[in-house]
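Notes follow once the structure below has been shown.
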Amino acid sequence: MKAVIVKPGEKGATFSDVEIKEDQIKGEEVKIKTLRVGICGTDRGIVNGKLDFARPPAGYNFLVLGHEGLGRVEEVGDKVTSLKEGDLVVPVVRRGCGKCLNCKIGRQDFCETGEFVEAGIRGMHGFMREEFVDDAKYLVKVPRDLGELAVLAEPLSNVMKAFDELIFIQKRSIWHCEDSSYGCRNATIIGSGPIAQFFAMTFEANRFNVTMLNRRDPNEIEEKISRTVGYKFVNTSNGLDEVPESDV
């Protein structure tokens, strides 16, 4: 099948025919047709040979890129009840070590051994290929109405994790406002890339007063997003007078 591959530690990526040893679908496995794959800074670092933790799966000298995936279910094993043919799914990126308690209960982001694998990053092929087989427990079903936008679910999940951690830490004291919202709190976001936009949307949805900073004026797309979402965009090259004192 066709795939975008790299050799971790070396610069460059290629679009190649590859053979990946995958057994026939077992009872709890699902065959997925890849529809969309996002690209982020991690992919850029791997392609530039700058991420020393990137590695191929055991038995391979290459790694299929892609961890922000969206696919369509093509075939399901006879023990799969949560998914059916035609469903849209987003695969989970990090897979636990199977040893520590956090990984055993599905909190692999807090792996204690460091022996986890990550699709398209370390120890596991990613989703920049025509199709792949995966365990149903690592596939998150998404509403069909989302369509191609569902490919953004993985990067958004990272933002939501960070936001949840912030709120959890602040629970040590009363941090919300008198009306139980966060409308009296200011959030400042440095930079205006895609993840920054997700953070702005998340904080705005929770009624924070959001200011986004960059050393330039917003481009056309950023201007439209800031107007729609409702946050303030400040060009810091003109000074910091417009930047409020930040709580986050």
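Just so it is clear, the values below take in all heavy atoms, side chains as well, and ignore hydrogens, waters and symmetry mates. Quick caveat: nothing in here was measured; it's all calculated off a predicted structure.
Side-chain atoms of Asn158 and Glu154 form a donor-acceptor pair, as typed in the model, at a separation below 3.5 Å. Checking Asn186 against Ser246 by side-chain atom types alone, no donor-acceptor pair falls below 3.5 Å.
Sorted by first and then second residue, the pairs that involve residues 132-150 and meet salt bridge (charged side-chain N to carboxylate O under 4.0 Å, His left out), not counting sequence neighbours, are Arg36-Glu148, Asp87-Lys141, Arg95-Asp134. Applying the ring-ring contact (aromatic ring centres under 6.0 Å, His included) test to pairs two or more places apart or on separate chains, those with a residue in residues 51-78 are Tyr60-Phe62, Tyr60-His125, Phe62-His125. Judged as a ring-ring contact (aromatic ring centres under 6.0 Å, His included), the pairs with a partner in residues 146-168 (not counting sequence neighbours) are, in order, Phe163-Phe203.
Inter-residue side-chain proximity for Phe199 and Met212 is flagged as unmet; no heavy-atom pair is nearer than 4.5 Å. Here the side chains of Pro56 and Pro8 are in contact, with some heavy-atom distance below 4.5 Å. Two residues are said to be in side-chain contact when any heavy atoms from C-beta on lie closer than 4.5 Å; Val243 and Leu213 meet this criterion. The side-chain heavy atoms of Val64 and Val4, taken from C-beta on, include no pair separated by under 4.5 Å.
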- Message: Under the criterion side chain to side chain donor-acceptor pair (under 3.5 Å), I'd like the reasoning laid out for Gln197 against Tyr231: C-alpha separation, chi angles, the key distance, then a yes or no.
- Response: CA-CA 10 Å; Gln197 300 295 342; Tyr231 65 80; 2.6 Å; yes

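Contacts of Asp164 classified as side-chain hydrogen bond (donor to acceptor under 3.5 Å, both in side chains), with partners at least two apart in sequence or in another chain: none. Under the side-chain hydrogen bond (donor to acceptor under 3.5 Å, both in side chains) criterion, Arg94 pairs with Glu118, not counting sequence neighbours. For Asp17, the salt bridge (Lys or Arg N to Asp or Glu O under 4.0 Å) partners are Lys2, not counting sequence neighbours.
Taking OG1 of Thr228 as the start and CE of Met201 as the end, the distance is 8.5 Å to the nearest 0.5 Å. For the atom pair Asp43 CG and Leu51 CG, the distance stands at 9.5 Å (nearest 0.5 Å).
In Ile190, the CD1 atom is not crowded: 12 or fewer heavy atoms of neighbouring residues, nucleotides or ligands sit closer than 6.0 Å. In the displayed structure, Ile105 atom CD1 is contacted under 6.0 Å by more than 12 heavy atoms of other residues, nucleotides or ligands. Crowding of Ile39 atom CD1: a count of heavy atoms from other residues, nucleotides or ligands under 6.0 Å not exceeding 12. The environment of Glu165 atom CD is dense: over 12 non-hydrogen atoms of other residues, nucleotides or ligands sit within 6.0 angstrom. The environment of Lys161 atom NZ is dense: over 12 non-hydrogen atoms of other residues, nucleotides or ligands sit within 6.0 angstrom.
Under the side-chain contact (heavy atoms from CB on, under 4.5 Å) rule, Val30 has a single partner from Ile25, Val133, Val89, Val80, which is Val80. Partner of Leu65 under the side-chain contact (heavy atoms from CB on, under 4.5 Å) criterion, chosen from Val47, Val37, Thr42: Val47.
For the pair Arg129 and Glu131, the salt-bridge criterion is not met [side-chain N within less than 4.0 Å of a carboxylate O]. Glu222 has a carboxylate O that lies under 4.0 Å from a charged side-chain N of Arg216, or vice versa, which qualifies the two as a salt bridge. For the pair Glu115 and Lys99, the salt-bridge criterion is met [side-chain N within less than 4.0 Å of a carboxylate O].
Disulfide status for Cys111 with Cys97: absent, SG atoms not under 2.5 Å apart.
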